[in-house]
Amino acid sequence: LDLRYFWKWSAFEDYLLFCFGFTVLCALVTLLMLDSAVFVETLGSLAVLFEAMLGLPQLLQNIHNHSTRGMSVKMVLLWTAGDVFKTTYFVMNESPSQFWVCGSVQILIDVAILLQVLYYGQDMRVKLG
């Protein structure tokens, strides 16, 4: 098994079959472990952490390319606004700390991407207009 080729599927059907099998496996494990508070808390924390990392591939790609060409600044501003509102909701409702910590990480990644736009000198008028 060569992990470098894990996401290089030879056929779309193979990818769909993997996704279906993985989903069924995860559903069964969750069903069996539903009574375990540790499992449920860990699963929830991982879900929030994965969501917090959604912007990271874009951030890293921008660094690799030394460019933000083709990016929609409006989209990043909407990400940031949504993450700010969501994190504010978590803080105001005294949600568990992993929610507002991960929300803060999302905001930081969004701001970093916006700073990349400024740093790499993209023509803001074209993207904002």
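Note that the structure is a prediction, hence the values are computed from the model and not measured.
The distance from atom CE of M75 to atom CG of D110, rounded to the nearest 0.5 Å, is 9.5 Å. Here L54 contributes atom CG and D83 contributes atom CG; the two are 9.0 Å apart, rounded to the nearest 0.5 Å. Of the inter-residue distances, the one linking W9 atom CH2 with L16 atom CG reads 9.5 Å to the nearest 0.5 angstrom. If you take CZ on F90 and SG on C102, they are separated by 9.0 Å, rounding to the nearest 0.5 Å. Taking OG1 from T23 and CZ from F20, the interatomic distance works out to 8.0 Å, rounded to the nearest 0.5 Å. Rounding to the nearest 0.5 angstrom, the gap separating the OH atom in Y89 from the CZ atom in F85 is 14.5 Å.
Linking Ile, Leu, Val, Met, Phe, Trp and Tyr residues whenever their side-chain heavy atoms come within less than 4.5 Å places I109 and L114 in a single cluster. Residues L25 and L46 do not share a hydrophobic cluster, clusters being chains of Ile/Leu/Val/Met/Phe/Trp/Tyr side chains in contact below 4.5 Å. Note: the hydrophobic cluster containing F22 also contains F12 (ILVMFWY, side chain heavy atoms under 4.5 Å, direct or indirect links). Under the 4.5 Å side-chain heavy-atom criterion for Ile, Leu, Val, Met, Phe, Trp and Tyr, F50 and I107 are members of distinct hydrophobic clusters. Placement of L77 and L56 within a single hydrophobic cluster is found when ILVMFWY residues are connected by side-chain heavy-atom separations under 4.5 Å, directly or transitively.
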Decide side chain to side chain contact (heavy atoms under 4.5 Å, CB included) for M53 and V105; before the verdict, give the C-alpha distance in whole Å, the side-chain angles of both, and the deciding distance to 0.1 Å. CA-CA 8 Å; M53 295 296 126; V105 168; 3.4 Å; yes

Could you go through the side chain to side chain contact (heavy atoms under 4.5 Å, CB included) check for Q106 and T80 one step at a time? CA-CA 8 Å; Q106 281 180 295; T80 307; over 6 Å; no

Starting from the C-alpha separation in whole Å, work towards a yes-or-no answer on side chain to side chain contact (heavy atoms under 4.5 Å, CB included) for N62 and Q58. CA-CA 6 Å; N62 293 346; Q58 182 67 58; 2.8 Å; yes

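Within a 6.0 Å sphere centred on CH2 of W79, heavy atoms belonging to other residues, nucleotides or ligands number more than 12.
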Which donor-acceptor pairs under 3.5 Å do side chains of residues 38-45 form with protein atoms, sequence neighbours excluded?
from	atom 1	to	atom 2	distance (Å)
T42	OG1	V38	O	2.7
S45	OG	E41	O	3.0

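Classification of the Y120-H66 ring pair by plane angle, with boundaries at 30° and 60°, yields perpendicular.
Residues T88 and V84 share a closest heavy-atom pair of OG1-O, 2.7 Å.
Judged by distance alone, the side chain of Q116 and the main-chain N or O of L59 form a donor-acceptor pair under 3.5 Å.
K86 places a side-chain heavy atom less than 4.5 Å from the side chain of E51.
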